[in-house]
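To start, the structure itself, in C-alpha cells.
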Amino acid sequence: AGLSAAAQAGAACFALALVWWVTEPFPTYVTSLVLMFLLLVTRTANAKAIMDVLGMEVIWLNLLAFILSSMLVKTRLAKRMALWLVVRFRHKAIWALFAFLVLQLGLAPLIPATAARCVMTLPLMVVVAAIYGSTEESPNAFGKNLMLLNLACISVLSSITMTGSSANLIAVGLIQTMGGHRVYYMDWMRVGAPVAIVTMVAMWYLGQKLLFRIRPEDQLPKVEGGLDLVKAQHTAMGPLSPAEKKALAIFGLVLFLWMTDVFHMRWFGVEISAPFAALLGAVIVLFPRWGILQWSEADIPWHLLIFSAGAYAGGLALDDTGAAEWGVRMLFGGMDLKGVPFGVAYTVVIAVMMYSHLLTTSKTVRTLIMIPIIITLAKALGWDPLSFALPAALCIDWVVGLPISGKPNVILFSTNQFTVGDNFKYGMLTCTLGLAILVLSAATWFHWLGLTPAFWAMPS
C-alpha cells in the first residue's frame, strides 16, 4: 500500500535479482544484465538512467584500481614487502603474528581485491605456521591465531580507505547520489582507519591471550633455522629492480593525490578526484615503452564491473521510485526510533549493519540493500544522512563471522588450521569489539570531526 506501480515493479525486479545473486543459479553478472533489462521493460527506469551507471566515478575507479594492483603483482613489489615484514618481526611468536598485521595493513590500501591479498600472503602463512609447529594434520593455537588474525585483517583493514573494496566505492556513490554528500578519500580514511587499526591491534592481543592461548613452548620456532628460510627467499630477490622502483614511484604518486584531494583546488586550481588520480597512474603504467604493463597483463575483473553496474541501477531505481523508503518501514517498522536520542538510533543502525554479513555472502548486495535504507531512515528521523551512512559503510568489509562470509574466509578455512566454531568465536568478538569502538567514536572522535551530533542529542 502506498507504492506506485513503478516502485512495486522495481522492488519485484530487485527481489528477483537478490535471490539469484545469493543462490547463484547464474553468474552474478548475468543476473545484473537481466535486472537492467527488467528495469527497462517494467518501466521502472528509463534507458538513459540505466546505461549511465557504467559512467559513474566508482565504476571507473574500480577498473583503474585493478590496473594498479596488477602492476604491484607483476613487479613482485607486494611479495617483497611481505617477505621483509616477516623477517623484520621474526624473534617471537607474538611478533610473528604482529608482522602479518602490519603486512595486511600495508597491502590493504594498495590492492583492493581481498582474495588477491589472501592468496598472495597464504604461502607465507603456511610456512610460518609450520615453523611454529602448526600443520594441517596437527594445528595448534599459534596456527589458529595466525590464520584468523589474517582473515580478520584482510577484511577489516579494507575499511581503512574508500578504495579498500569495491563495496566501499558503491557506498560512497550512494552517499553522494542519495545523501547529497561528497565523501573524499581523506574523509573516509580519518574515520575508518582509527576504528579498523585499533580493533585489529586489540584482536592481535585478545586472540592469543583470551580465545586461543599460545603455550610458552609454542612461542619459539619448532623448525631449526625456520625463519631463515623466509629470510633466504627475501635475500634471493636481491635489490629493488628498475620495474619495482618505477612501480613504487607510480603508486606513491597516486597515493599522494588520493590523500591530498582536499588541497588540490588550492594547489592546482583544479580538483583531481580519486578516479582521475588513478587514471593518471594507469596512463603511466600502460604507456608504450615507458610503462610497466601491457593491456593484456592487467587483471581486470570485467564481470565484477558489470555486476556492480546492474546492482547500482537496481539500487538507484529503488530510491527513485520510493521503494527504498518502503523497505525502511518494513525493516525498522518494529523499532520505534522516532523521538529517541541520536546515540540510541545510531547504535541500532550500526549493530544491524555490522551483523548483517551473517545473512549474505556478498558485500555488494549488503551495501546496495542497507546503505539506501539507512540514508532514507536518517532523513526520516531528522538526522544528517552522513552521520549514519558513513559509519555504517565502515562495517561493509567486516565479513568475518563464518567461513562462507567471504572469499578469504573460504581460502583460509581450507588450511584446516581452525574450525567453524573457532571462526565464529573470533569473528563475533571482532565485530562486537568493532561495534563498541564505533559507538564510542560517535560520542568522541566522530563528534569532534563534525560527523555526528552530540550522542544524547534529540532530533529537531
For Gln8, all residues meeting side chain to side chain donor-acceptor pair (under 3.5 Å), sequence neighbours excluded | none

Using side-chain contact (heavy atoms from CB on, under 4.5 Å) as the criterion, list what pairs up with Pro341, not counting sequence neighbours.
-> Val344, Trp456, Met458

Can you name the salt bridge (charged side-chain N to carboxylate O under 4.0 Å, His left out) partners of Asp422, sequence neighbours left out?
-> Lys144

Mind checking salt bridge (charged side-chain N to carboxylate O under 4.0 Å, His left out) for Arg43 and listing every partner two or more places apart, or none if nothing turns up?
-> none

By side-chain contact (heavy atoms from CB on, under 4.5 Å), Phe268 pairs with (sequence neighbours left out) Leu257, His264, Val270, Ile272

With sequence neighbours excluded, what pairs up with Ser158 under the side-chain contact (heavy atoms from CB on, under 4.5 Å) test?
-> Thr114, Arg117, Asp397

Residues in ring-ring contact (aromatic ring centres under 6.0 Å, His included) contact with Tyr426, at least two apart in sequence or another chain | none

N/O donor to acceptor pairs below 3.5 angstrom from side-chain atoms of residues 200-211, sequence neighbours left out:
from   : atom 1 : to     : atom 2 : distance (Å)
Trp204 : NE1    : Ile94  : O      : 2.9
Gln208 : NE2    : Trp204 : O      : 2.7

Which residues satisfy the side chain to side chain donor-acceptor pair (under 3.5 Å) test with Arg182, sequence neighbours excluded?
-> Glu271

Angle class for the Tyr346/Phe388 ring planes (parallel below 30°, perpendicular above 60°, tilted otherwise)?
-> perpendicular

With sequence neighbours excluded, what pairs up with Asn46 under the side chain to side chain donor-acceptor pair (under 3.5 Å) test?
-> none

Please name all residues satisfying side-chain contact (heavy atoms from CB on, under 4.5 Å) with Thr44, sequence neighbours left out, ordered by chain then number.
-> Ala9, Leu39, Thr42, Ala317, Thr321

For residues 433-448, please give each side-chain donor-acceptor pair under 3.5 Å, one per line with the distance, not counting sequence neighbours.
from   : atom 1 : to     : atom 2 : distance (Å)
Ser441 : OG     : Ile437 : O      : 2.7
Thr444 : OG1    : Leu440 : O      : 2.8
Trp445 : NE1    : Arg190 : O      : 2.9
His447 : ND1    : Thr452 : O      : 2.9
His447 : ND1    : Pro453 : O      : 3.3

